[in-house]
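Can you read through this structure? Questions will come right after.
When reading the values below, keep in mind they use all heavy atoms of this one structure, side chains included, and skip hydrogens, waters and symmetry mates.
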2 protein chains.
Amino acid sequence: MIRVVVADDHPIVRSGIVGLLSSADDIEVVGEASDGVEAVALATQLAPDVVLMDLRMPGLGGAEATAQLAAARPDVRVLILTTYESDENILTAIEAGASGYLLKAAPQEEILAGLRSVARGEVALAPSIAALLVNRMREPAKVTLSDRETQVLALVAEGNSNRKIAAALFVSEATVKTHLIHVFEKLDVKDRTRAVTKAMELGLLPRSR
Amino acid sequence: MIRVVVADDHPIVRSGIVGLLSSADDIEVVGEASDGVEAVALATQLAPDVVLMDLRMPGLGGAEATAQLAAARPDVRVLILTTYESDENILTAIEAGASGYLLKAAPQEEILAGLRSVARGEVALAPSIAALLVNRMREPAKVTLSDRETQVLALVAEGNSNRKIAAALFVSEATVKTHLIHVFEKLDVKDRTRAVTKAMELGLLPRSR
DNA sequence: AGGTCCATCAACCGATCGGTTGATGCGAGG
DNA sequence: CCTCGCATCAACCGATCGGTTGATGGACCT
């Protein structure tokens with residue numbers, strides 16, 4: 001019998017999950033949580049075989065909750081179940097200790113199969129997530145900008161000229177230009193506009209709003 | 001007895017919804033659809049009182065399906081049920097004829113109450129959605145860019161110079177500059193970079209990825 | 001010690017941008 | 001018919017950008 005805690009902030013979704021698991025002879029739902037904090041507390045107390053965890057929850061999200069569980073209860077496995085393939089969060093969740101990552105869009109049999117794999121100590125990845133992981137492994141080293149470079153670029157994104165940026169940061173225009181040249185090199189771009197859009201794509205600049 | 005068709009592309013979510021509705025004495029689920037096309041076909045055939053419609057579905061989305069249903073079956077009411085408050089789609093869905101818009105995060109009693117309101121011919125809006133609508137009514141007229149302006153700006157966002165854009169679009173550089181001047185006026189910005197970021201914020205340019 | 005990264009700065013110059021002023025023509029709607 | 005929005009184009013000019021070449025100094029690591 002696989003003992004499971006279900007964590008999802010949407011009551012209607014949680015009831016769908018619980019309904020599915022309860023219909024399986026070898027699975028018992030021993031607890032339900034509506035956020036990360038509750039999930040960690042419940043799983044620590046009840047020591048289920050698997051926590052079925054939504055990735056996006058208010059307050060403590062699924063990835064952070066997974067990390068906390070890994071520390072408090074390394075014997076409890078976590079299967080992430082989420083709506084979208086958001087590749088920004090996949091590595092985070094897996095690095096945090098999750099044993100699997102499935103999509104809510106998956107057929108119900110596939111979710112049950114994934115859960116059973118994870119309970120057996122295996123890894124369960126939706127095929128599309130596995131493909132994203134493989135692609136990620138092939139990517140070049142992650143680009144980083146210095147704090148000052150990021151600061152200058154953010155002001156560029158707001159439409160400021162080099163002269164205005166220099167005044168705002170109490171440096172010379174030459175300094176601003178030098179930072180920008182460095183940014184262009186790191187991002188492999190040729191102009192400020194593309195530098196801004198690429199930095200946003202890479203998550204190096206916030207996409208305001 | 002309120003007869004309902006449920007349309008959601010996630011099997012696990014759909015079973016949660018169906019489970020909730022089936023537990024109510026006055027509600028009968030007469031059909032389930034996993035996309036917009038299926039929802040329209042089922043509702044046209046079965047003529048339920050209400051279609052409970054997910055907003056984001058592959059192929060024909062909830063808003064388009066609602067519009068088609070309004071044309072084919074004006075007697076059938078639509079209650080949109082979705083994950084996020086995405087204000088880009090609210091007006092679209094309501095303009096298309098939806099009688100309500102609720103969040104999946106809502107307590108189950110609230111979803112049932114909303115469904116009953118809609119079945120009675122009333123409007124059911126989650127409080128947060130009502131607030132968004134009120135704010136929307138207060139906003140200044142929406143900025144729009146012509147197709148050509150949008151095209152030029154998208155190429156700017158990719159780091160192309162005016163000269164390159166002119167070559168790509170088979171026009172002169174003067175034409176490109178004129179389009180950009182117009183874009184700057186409409187968006188009330190002073191340079192191309194800010195034009196790009198502001199257009200993205202306003203949803204006039206896609207935020208690639 | 002040396003090397004790397006980061007922050008700062010200068011001068012010069014060609015390329016590009018943005019503004020200005022003017023123009024034409026087309027299509028849609030009243 | 002007129003008006004409006006859109007697309008197209010030119011020339012000129014000042015402002016700004018981006019590249020180049022060089023430099024200093026500090027912090028951190030080996």
Going by the rule side chain to side chain contact (heavy atoms under 4.5 Å, CB included), which residues pair with B:Val37 if we only count those two or more places apart in sequence or in a different chain? B:Asp35, B:Leu60

Can you list, pair by pair, the side-chain donor-acceptor contacts under 3.5 Å of residues 63-70 of chain B, counting residues two or more places apart and other chains?
residue: B:Glu64; atom: OE1; partner: B:Gly61; partner atom: N; Å: 3.4
residue: B:Thr66; atom: OG1; partner: B:Gly62; partner atom: O; Å: 2.6

Could you list the residues that satisfy side chain to side chain contact (heavy atoms under 4.5 Å, CB included) with A:Thr150, not counting sequence neighbours? A:Leu145, A:Leu205

B:Pro107: what forms a side chain to side chain contact (heavy atoms under 4.5 Å, CB included) with it, not counting sequence neighbours? B:Glu109, B:Glu110

Heteroatom pairs (N/O) under 3.5 angstrom, protein to nucleotides 3-5 of chain D:
none

Give every residue pair that meets the side chain to side chain donor-acceptor pair (under 3.5 Å) criterion with at least one member in residues 36-49 of chain B, sequence neighbours excluded. B:Ser34-B:Glu38

So which protein nitrogen or oxygen atoms get under 3.5 Å of nucleotides 21-27 of chain C's nitrogens or oxygens?
none

Side chain to side chain contact (heavy atoms under 4.5 Å, CB included) involving B:Ser117 - partner list, sequence neighbours excluded: B:Arg120, B:Glu122, B:Ala124

For DNA chain D, determine which residues of residues 160-172 of chain B have any heavy atom closer than 4.0 angstrom to one of its atoms, and list them numerically. B:Val171, B:Ser172

Hey, does the side chain of B:Gln151 reach the backbone of B:Arg148 with a donor-acceptor pair shorter than 3.5 angstrom? no

Could you give the angle between the helix axes at the two ends of the helix from C:dA1-D:dT30 to C:dG30-D:dC1, with five pairs per end, rounded to 10 degrees? 50°

Side-chain (B:Arg77) to main-chain (B:Val50) donor-acceptor, under 3.5 angstrom: no

Close residues, residues 146-156 of chain A, relative to DNA chain C [heavy-atom separation under 4.0 Å]: A:Ser146, A:Arg148

Go through D:dA10, C:dC17, D:dT8 for me and flag the one nearest to the B:His179 side chain. D:dT8

I need the full list of side chain to side chain donor-acceptor pair (under 3.5 Å) pairs touching residues 160-175 of chain B, with sequence neighbours left out, sorted by first then second residue. B:Asn162-B:Arg192, B:Ser172-B:Thr175

In whole angstroms, how far is the P atom of D:dT20 from the CZ atom of A:Phe184? 12 Å

